[in-house]
There are 2 protein chains.
Amino acid sequence: MRTKDRLDYKVQARLLRALANETRLKIIDVLSRGEEHVGALAEGMGAEQSTVSKHLAILRAIGVVDDERRGNEVYYRLVTPCVVNFFSCAIDVMKERGI
Amino acid sequence: MRTKDRLDYKVQARLLRALANETRLKIIDVLSRGEEHVGALAEGMGAEQSTVSKHLAILRAIGVVDDERRGNEVYYRLVTPCVVNFFSCAIDVMKERGI
DNA sequence: TGACTTTATGAATGTATGGTAATATACTCA
DNA sequence: TGAGTATATTACCATACATTCATAAAGTCA
C-alpha cells in the first residue's frame, strides 16, 4: 500500500464511528434502494423525526449522503453506492467469523 | 442480496463500533504485518499497557483477533486478513469522497 | 400576510466509551 | 516456595453519543 493510500487513523475512525450506529445503518440500507425524504424515513423505520434528522446530519457531515430540498421536503441520497459495497465487505468478514 | 446475507443492524453496528477507534485501528495495522505481544504493541504505539490490553479485549470479543500465551507474553494476531481488505475498501470510499 | 407542513436545532437526560492508576492474575525461574 | 515479569481487570473520571421534547427555520399555498 502506497503511503498516499495510508489514511490518518483519526479520520478513518471518524468515518467508522459515523457508520457504527444501528439507526444510521438502517438509513443507509433504505437509501441504497433510492433517495427518500426525512419524514418517510422516520415513519418507515418507526423513529422520531428529530432523531432521524440528526442521524442524517451526521451522515451528511462525513459525506456519505447529500440532500436536496424540494418544496417542504428534503430528500437524502447516498453519495456513492460504494458505501453499500463497503458493507458487503463487512458482511463477508462477519460471515467468515460466524458472527 | 439474499436474506441470509442481510445482517442484523445491531450486530453490524457492534462490529463497526469495535473498529471505530483510532488506537484499535493502529493495533490492527500493526497486526496486519504479523503477530505481536501486548507489551510490544503498547511500547510501539506509545500507549499504556492497560489501554492496549483493553482494546485488544474488545477486538478479541468480536473475533477480529485471537491470542496465544507463550510464557509470560500473550501474542495477538488478526484472525483474518480480510479485515485489512475491509479497510482498503473504506479507504477507497474516503478517497472517492475526498476525505 | 397567516395558517400549515416539513425539517433542523437546542436543552436536558441517560448511557456508552476511552484513558489512567492501582491491583489482581498468570506465568517463569531460581 | 518466593521474587520477578507480563497481562488482565477494576474503579474512577471525563468526554462523547443517542434520544426526546420543545421550538426555530424554511417552504407552500390560499
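Below, chains carry the letters A, B, ... as their sequence lines are ordered, and counting in each starts from 1. Predicted, not measured: the structure shown is a model, and the values here were computed from it.
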Original post:
Given the rule in the side-chain contact (heavy atoms from CB on, under 4.5 Å) test, do A:H55 and A:N21 qualify, once you have shown the distances and angles that lead to the verdict?
Top reply: CA-CA 9 Å; A:H55 285 302; A:N21 175 272; 3.5 Å; yes

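Two residues are said to be in side-chain contact when any heavy atoms from C-beta on lie closer than 4.5 Å; B:H37 and B:V74 fail this criterion. Using a 4.5 Å cut-off on side-chain heavy atoms (C-beta onward), B:L59 and B:L78 make no contact.
Protein atom CG of A:L16 is 18 Å distant from nucleotide atom P of D:dA16, rounded to whole Å. Between the CD atom of B:E68 and the P atom of D:dA8 there is a distance of 13 Å, rounded to whole Å. Computed from coordinates, the B:L41 CG to D:dA8 P distance equals 10 Å when rounded to whole Å. Atom OH in B:Y75 sits roughly 13 Å away from atom C1' in D:dT5 (whole-Å rounding).
Between B:D29 and A:Y9, the side chains place a donor N or O and an acceptor N or O closer than 3.5 Å (distance only, hydrogens not considered).
Each of B:V38 and A:R69 was assigned the nucleotide of DNA chain D with the nearest heavy atom; the assignment lying further toward the 5' end belongs to B:V38.
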Provide a list of protein-nucleic acid N or O atom pairs under 3.5 angstrom, restricted to nucleotides 18-22 of chain D.
unit_1, atom_1, unit_2, atom_2, d
D:dA18, OP1, A:N21, ND2, 2.9
D:dA18, OP1, A:R24, NH1, 3.3
D:dA18, OP1, A:R24, NH2, 3.1
D:dA18, OP2, A:R24, NH1, 3.4
D:dT19, OP2, A:H55, NE2, 2.5
D:dT20, OP2, A:T51, OG1, 3.1
D:dT20, O4, A:K54, NZ, 2.8
D:dC21, N4, A:S50, OG, 3.3

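In summary, contact between chain A and DNA chain C, defined as any nucleotide atom under 4.0 Å from a heavy atom of the protein, begins and ends at C:dT5 to C:dA11 in the 5' to 3' direction.
Smallest separation of non-hydrogen atoms from B:L31 and B:V65: CD1-CG1, 3.8 Å.
Both tests pass for A:R70 against the ring of A:Y75: distance under 6.0 Å to the centre and angle within 45° of the axis.
The salt bridge (Lys or Arg N to Asp or Glu O under 4.0 Å) test applied to A:R60 returns A:D67, not counting sequence neighbours.
At the heavy-atom level, B:Y76 lies under 4.0 Å from the strands shown only through sugar-phosphate atoms.
Grouping the Ile, Leu, Val, Met, Phe, Trp and Tyr side chains by contacts below 4.5 angstrom, directly or via other members, places A:L16 apart from A:I58.
One finds no side-chain N or O of B:H37 lying less than 4.0 angstrom from the OP1 or OP2 phosphate oxygen of D:dA6.
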